[in-house]
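Just so you know, residue 1 is the first one in the sequence shown, and it goes up from there.
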Amino acid sequence: MNKKENILLDSFGREHTYLRISLVERCNLRCFYCMPEEGVQLTPKSHLMSYEEIYEIAKTFVTNGVTKIRLTGGEPLIRKDIPIILEKLASLPVELSITSNAVIIHKFIDTLKEFGVNNINVSLDTLVKEKFKNITLRDHFEVVYNNILLLIKEGFKVKINAVLMKGVNDNEIIDFINFTKDLPVSVRFIEFMPFDGNKWDLSKMVSYKEVMEQVNNAFEETAIERLKDSPNDTAKNYKIKGFKGSFAIISSVTNPFCDSCNRLRLTANGQLKNCLFSSSESDLLTALRKGESIEPVIQKAVQSKLKMRGGMDTIDKLQDPNKHNKNRSMITIGG
Ligand code: SAM
Ligand code: SF4
């Protein structure tokens with residue numbers, strides 16, 4: 001019998017074992033770096049994947065070698081059928097995790113536990129209530145903050161994602177690191193990335209180097225410990241000696257990690273993106289609905305993955321709005 005071909009292996013030898021599935025394009029927050037000010041044209045519900053279709057597509061990926069699935073959005077927890085999506089996906093031999101803004105996550109503690117979702121990434125860009133409202137256009141700081149504490153107390157492995165922006169929250173880097181002193185949480189500082197409609201410009205971004213300058217000024221050199229990153233990790237991990245938690249920097253702009261990329265993304269309307277920055281998509285949902293095999297479509301998409309950042313292999317190219325605006329807005333990709 002022929003050995004089954006690895007359809008998740010790309011032309012640069014990268015094996016794609018990690019699938020991010022966006023469940024929904026809507027959100028209960030309006031983070032200005034993610035959701036364009038004018039909103040987004042929502043896809044009609046009939047063009048979005050049903051829970052059965054999500055399961056069928058996920059099953060094909062898992063059969064072909066995906067070992068990790070992360071659910072994202074929009075805000076994945078606002079999908080009414082989230083419990084059944086979790087139940088179906090938990091029946092697959094795969095590590096299941098979720099990225100959420102945590103606004104309503106307290107309602108799902110038991111469900112998440114029941115279906116083995118132990119790793120939770122929560123977005124929180126500030127520790128200041130008023131600023132939270134300015135960034136997200138919603139007044140939910142307290143519930144999000146308390147829900148982070150609740151998740152930790154309930155034993156979940158929590159990572160906090162903070163997108164750093166100059167003049168917005170770059171004065172909170174050390175406060176965030178101090179937040180890890182007594183809490184077993186990893187704070188991940190994310191370089192602000194360009195997507196359609198988010199008015200990105202390089203001068204607003206806080207780089208890996210700038211974060212480390214602040215860290216080096218605030219802590220003794222001997223107290224800053226560089227941790228070993230796990231394989232395919234997008235983050236450079238550190239901790240302050242004696243602190244319960246850790247911190248990390250995700251530097252997609254100044255220090256990309258494309259060489260070890262193992263990720264694919266499935267949008268809520270069933271389009272496969274072979275890279276977060278890629279402007280091309282492959283339509284899995286239409287093939288599935290026609291009763292065709294989606295494997296050839298997946299293989300072609302993986303084979304056509306470019307070496308770096310969807311072809312934007314220099315900061316100059318990334319800065320060009322004609323290039324990054326061809327991509328979707330982040331809210332409809334799923335970070
Ligand atoms: N609603 C969920 C949440 O906020 O965690 C999941 C979806 S959100 C699009 C996923 C992640 O993308 C969040 O951590 C968010 O901070 C990040 N993100 C969104 N826009 C971004 C941008 N322009 N640059 C960097 N990260 C971004
Ligand atoms: Fe919503 Fe998450 Fe985007 Fe904020 S980052 S608007 S919470 S999807």
Side-chain angles (χ1 to χ4, degrees), residues 17-21 23 28-29 58 62 66-127 132 140-162 175-190 225 227-250 263 334-335:
T17 53
Y18 186 0
L19 179 67
R20 297 194 158 207
I21 306 179
L23 298 182
N28 43 5
L29 297 182
V62 173
V66 159
T67 56
K68 264 171 89 174
I69 290 181
R70 177 170 290 278
L71 302 178
T72 179
E75 173 48 35
L77 294 178
I78 65 173
R79 231 182 115 134
K80 294 274 179 300
D81 54 0
I82 183 76
I84 184 153
I85 293 173
L86 291 174
E87 183 182 352
K88 298 282 287 175
L89 295 180
S91 71
L92 297 171
V94 72
E95 183 193 318
L96 199 54
S97 55
I98 195 162
T99 300
S100 166
N101 59 31
V103 172
I104 54 169
I105 208 162
H106 52 282
K107 298 180 185 167
F108 296 94
I109 299 292
D110 291 342
T111 315
L112 293 167
K113 282 187 182 174
E114 184 181 353
F115 299 118
V117 185
N118 190 40
N119 294 320
I120 308 206
N121 290 2
V122 176
S123 297
L124 179 69
D125 306 307
T126 176
L127 295 166
F132 182 94
H140 293 318
F141 174 76
E142 264 139 28
V143 72
V144 170
Y145 188 86
N146 288 332
N147 278 347
I148 290 174
L149 299 183
L150 175 70
L151 288 169
I152 296 170
K153 184 168 139 270
E154 292 289 337
F156 291 97
K157 213 171 143 218
V158 181
K159 291 181 181 164
I160 294 178
N161 288 342
D175 294 343
F176 267 114
I177 294 176
N178 284 330
F179 185 73
T180 70
K181 186 168 184 209
D182 298 316
L183 294 170
V185 64
S186 168
V187 173
R188 304 179 335 147
F189 300 114
I190 305 179
E225 202 181 323
L227 302 175
K228 192 168 184 305
D229 306 325
S230 33
N232 309 109
D233 206 337
T234 54
K236 313 271 187 311
N237 293 276
Y238 293 83
K239 81 178 280 167
I240 302 300
K241 278 198 186 123
F243 282 21
K244 282 198 175 141
S246 57
F247 68 96
I249 301 151
I250 301 184
R263 286 143 202 255

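- Partners of E95 under the side chain to side chain donor-acceptor pair (under 3.5 Å) rule, at least two apart in sequence or in another chain, are N119.
- The distance from the CD1 atom of I84 to the CG atom of L89 is 10.5 Å, given to the nearest 0.5 Å.
- How far CD1 of I152 is from CD1 of I120: 11.0 Å, rounded to the nearest 0.5 Å.
- When the ring pair (Phe, Tyr, Trp, His ring centres under 6.0 Å) test is applied to F156, no partner is found at least two apart in sequence or on another chain.
- With rounding to the nearest 0.5 angstrom, the CG atom of L151 is 10.5 Å from the CG atom of N118.
- Counting only heavy atoms from C-beta outward, the side chains of L112 and I105 approach each other to under 4.5 Å.
- Taking NZ from K68 and CG from N232, the interatomic distance works out to 8.0 Å, rounded to the nearest 0.5 Å.
- Remark: D81 engages R79 in a salt bridge (charged side-chain N to carboxylate O under 4.0 Å, His left out) (not counting sequence neighbours).
- Residues passing the salt bridge (charged side-chain N to carboxylate O under 4.0 Å, His left out) test with E154, sequence neighbours excluded: K113.
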Indicate every side-chain donor-acceptor pair of residues 234-243 with a distance under 3.5 Å to a residue at least two apart or in another chain.
residue	atom	partner	partner atom	Å
N237	ND2	D229	OD1	3.0
N237	ND2	D233	OD2	3.0
N237	ND2	A235	O	3.2
Y238	OH	Y208	OH	2.7
K239	NZ	F243	O	2.9
K241	NZ	T222	O	2.9

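- The distance from the CD1 atom of I82 to the CG atom of L77 is 5.5 Å, given to the nearest 0.5 Å.
- In terms of heavy atoms, L86 sits closest to F115 at CB-CD1, 3.8 Å.
- Scored by the side chain to side chain donor-acceptor pair (under 3.5 Å) test, T99 finds R70 as partners (sequence neighbours excluded).
- For N101, the side chain to side chain donor-acceptor pair (under 3.5 Å) partners at least two apart in sequence or on another chain are N28, E75.
- Closest approach of S123 and V144 over heavy atoms only: O-CG1, 4.3 Å.
- Contact detail for I98 and P76: the closest heavy-atom pair is CG1-CG, 4.0 Å.
- Pairing each heavy atom of V117 with each of S97, the nearest pair is CG1-CA, 3.8 Å.
- Nearest approach of F176 to T126, heavy atoms of both residues: CZ-N, 3.6 Å.
- With rounding to the nearest 0.5 angstrom, the CG atom of L96 is 10.5 Å from the CD1 atom of I85.
- In this structure T67 satisfies the side-chain contact (heavy atoms from CB on, under 4.5 Å) test together with T17, sequence neighbours excluded.
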Show the atom names and distances, to 0.1 Å, of all donor-acceptor pairs under 3.5 Å that link a side chain in residues 181-188 to residues at least two apart or in another chain.
residue	atom	partner	partner atom	Å
R188	NE	N161	OD1	3.1
R188	NH2	N161	OD1	3.2

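- The shortest heavy-atom contact between H106 and V143 is CE1-CG2, 3.9 Å.
- Applying the ring pair (Phe, Tyr, Trp, His ring centres under 6.0 Å) rule to F179 yields the partners Y145; only residues at least two apart in sequence or on another chain are considered.
- In terms of the side chain to side chain donor-acceptor pair (under 3.5 Å) criterion, K244 has no residue partners (sequence neighbours excluded).
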